[in-house]
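Take a look at the structure below.
Chain letters run A, B, ... following the sequence lines, proteins first, then strands; residues in each count from 1. Everything numeric in this text was worked out from a predicted model, so none of it was measured.
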Amino acid sequence: MLTGGAIQDILSKPVEQHPEKPVFQILGIKKIQTKGSEGAGNDRYRLVLSDGVNIHTSAMLATQLNDLVISKQIEVKAVIRLDKYICNIIQETRKVLIVLEMTVIKPGNEVPGRIGEPKNINADSNSDRQQPQQNGSGGQNSMSGGGTMSGGPVLGGASRGAGLASATYGSHQPLASKGDSARAVYPIMSLTPYQNRWTIRARVTSKSNIRTWSNSKGEGRVFNVDLVDESGEIRATGFNDAVDKFYELLEVNKVFYVSKCSLRTANKQYSTIKNDYEMYLNNDSIIEVCEDRCNLPTLQYNFVQIGDLGNFNADSLVDILGLVISCDDVTQITTKTTNRQVSKRDITLLDRSEKSVRATLWGDDAEKFDEHVGKNPVLALKGVKVSEFGGRSLSILNSTNMRVNPTEVKEAHNLVGWYENVGKNSTIESLSGNRSEGGAMGADYKTLSQITNEQLGMGPKGDYTTVKATVVFMKKENCLYKACPSADCNKKVIEEGDGYRCEKCDKSYTDFKYRLLLQTNLADFTGNQWVTFFQETAENILNTTAERLGQLKDSGDDTAFDQLFLEASFKQHIFRIRAKMETYNDETRLKCTCVNVAALDFKKECRRLLGEIKKLKML
DNA sequence: CCCCCCCC
């Protein structure tokens, strides 16, 4: 079943003699601890592979295959076929095998135990850090602790003419400067800040504009490019001089040899590039066009289904493949802080989850989208921002890589076919709410204690949030007031003689209408909060009308009046709350107003809670 | 060293 001897061949023979699609058994899977990695998607997995004769402990899974581990498609004991792999020389004699594509031949749970009696092949003969394998039978995770791949300085200088590098990329003349020893091409995923004697060969998949900034720390220009090879991807950033030196050279889709850049921990907040590190172009950096034809991948996506967007927090970045089902016109908005005029255009995206989401294009992107209006293009978006307005929506940032009808993304073609045959006629549920309800009940749920703990309401417009809470007390005294009877005026009237005067309308009326202004105490498992309910929201929780309450009050039927309050107490609802700091008599305090009440929909609520649990799991 | 991405 296993390709006996394949490990020996891969480690000792030139690449032409490497076995094609060897079959191995996985004897261990270990997540490599990486510093400062937040959330999922940045991990790397090291595999212990056996060919039944030998064990190789330095195999790595290409980052784009991480999901196979996460979804447990590959587990210890599984038999797998390597459809595509590279073997890179490390520290003269130690070699890392990188699995680029693979097929599960037999899942781990169907394999009783270790196949054959494989011996550890110590490729790392120069190092005593590699522990001999102490594999128990039955295929337990056999990773020896403190292995050489666990985040330390794993890569030494590579020598020329060995392993994958020179064989695969044989026509490449080493790029090292004079006097430096020649070097081999490294896979992107092997780069670390701990050693810098590497050259990568990578395709530019996207390039930003040159941005300028000016702040207290200074000013300057900056750009970035995303680079990809068979093993993974990395973002490279260049400042000032590097902009002049490299911006023009680095054309999208072209392939380059890149060396002598520094690496630093990447801030995951700003990119969906699957790499813990980011590359910085500096004065020593060398970038040369690779003229050879090579088969490097294009952009790497990690698409998220639109239907799963509820599992992502606001401001997270995701990759989305969606078909445009509607386009709004371009409108102008004025920004709150800088009063600048900015163009925006909302479009609606649909995918196979049969859920749609509204996405906003800004500035030039909004204007230039005119050419696609009336068509149904497919957009491949890498690094689009999740926003919580009115459920979930997307914001297409300057840094978002947007491809329209990308021919290189085969799912894009499939999505068109699906839309023509299925999607077109499906009932589509929107995650963004429709325009009329637009954000009436947002998906940005908070607990009552979060309202104060997170200091909501500091801004001039206040903050909106949704809470699930219980009505625990209502101040029924003075909850009704006599208001101006005219249609749009709800001002309290002053009784004068037999009439009612409205100061706002500057008019006297013979009649008035009762309106509600109800101080209500809401509670959830974290605390409670006084919230003001006006007419419609108060009528909703009291399950009656202001008019009816007025009648009971006027007729002196206190029992019936009180009964309505009693029945409305200890009922749970979903509340949309506006929180805003307000100052009265030099005292600033948080004022909360309920702007919408919705019944607790158990099905929806369960789905939301499941989503919350899923979010916790992803931490 | 950027990392702002706006509005309802």
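Following rounding to the nearest Å, E219(A) (CD) and dC2(B) (P) show an atom-to-atom distance of 12 Å. Protein atom CH2 of W213(A) is 17 Å distant from nucleotide atom P of dC5(B), rounded to whole Å. Rounded to whole Å, atom P of dC3(B) lies 6 Å from atom CZ of R211(A). In this entry the distance linking CG of D328(A) with C1' of dC8(B) reads 12 Å, nearest Å. Between I396(A) atom CD1 and dC4(B) atom P there is a gap of 20 Å when expressed in whole angstrom units. For the pair N209(A) CG and dC5(B) P, the interatomic distance rounds to 17 Å; values are reported in whole Å. Regarding Q269(A), its CD atom lies at a distance of 12 Å from the C1' atom of dC4(B), rounded to whole Å. Rounded to whole Å, atom P of dC1(B) lies 14 Å from atom CG of L281(A).
Listed by first and then second residue, the salt bridge (Lys or Arg N to Asp or Glu O under 4.0 Å) pairs involving residues 301-321 of chain A are D315(A)-K385(A), D319(A)-K382(A) (not counting sequence neighbours). Identified under the salt bridge (Lys or Arg N to Asp or Glu O under 4.0 Å) test for residues 202-225 of chain A, with sequence neighbours left out: R221(A)-D244(A). Annotation: salt bridge (Lys or Arg N to Asp or Glu O under 4.0 Å) contacts involving residues 445-457 of chain A, sequence neighbours excluded, comprise K446(A)-E454(A).
A donor-acceptor contact under 3.5 Å is formed by the side chain of Y280(A) with the base of dC2(B). No donor-acceptor contact under 3.5 Å links the side chain of K217(A) to the base of dC1(B).
When heavy atoms are screened at a 4.0 angstrom cut-off, E278(A) is found touching base atoms of the nucleic acid. Note on R340(A): a base of the nucleic acid sits closer than 4.0 angstrom, heavy atoms only.
Dashed line: the shortest gap from a side-chain N or O of K268(A) to OP1 or OP2 of dC3(B) is not under 4.0 Å. Phosphate contact (OP1/OP2 of dC7(B), side-chain N/O of R345(A), threshold under 4.0 Å): absent. Proximity of T334(A) to the phosphate of dC7(B): no side-chain N or O atom is located under 4.0 Å from OP1 or OP2.
Residue K254(A) qualifies as open at atom NZ: its count of foreign heavy atoms under 6.0 Å is 12 or below.
Side-chain proximity of K344(A) to the nucleotides dC7(B), dC8(B), dC5(B) is greatest for dC7(B). With distances taken from any side-chain atom of N240(A) to the nucleotides dC7(B), dC2(B), dC1(B), the minimum falls on dC1(B).
Scanning for salt bridge (Lys or Arg N to Asp or Glu O under 4.0 Å) contacts around D67(A) gives an empty result, with sequence neighbours left out. Contacts of K424(A) classified as salt bridge (Lys or Arg N to Asp or Glu O under 4.0 Å), with partners at least two apart in sequence or in another chain: E420(A).
We find that the ring of W362(A) and the base of dC6(B) do not stack by the test of centres under 5.5 angstrom and planes tilted less than 30°.
With the nearest nucleotide of DNA chain B identified for both T212(A) and G363(A), T212(A) has the one nearer the 5' end.
In this structure, a donor-acceptor pair under 3.5 Å is present between the side chains of D226(A) and S206(A). If you check the side chains of R576(A) and T466(A), you find a donor sitting under 3.5 Å from an acceptor.
Listed in residue order, the members of residues 397-405 of chain A having a heavy atom less than 4.0 Å from DNA chain B are L397(A), N398(A), S399(A).
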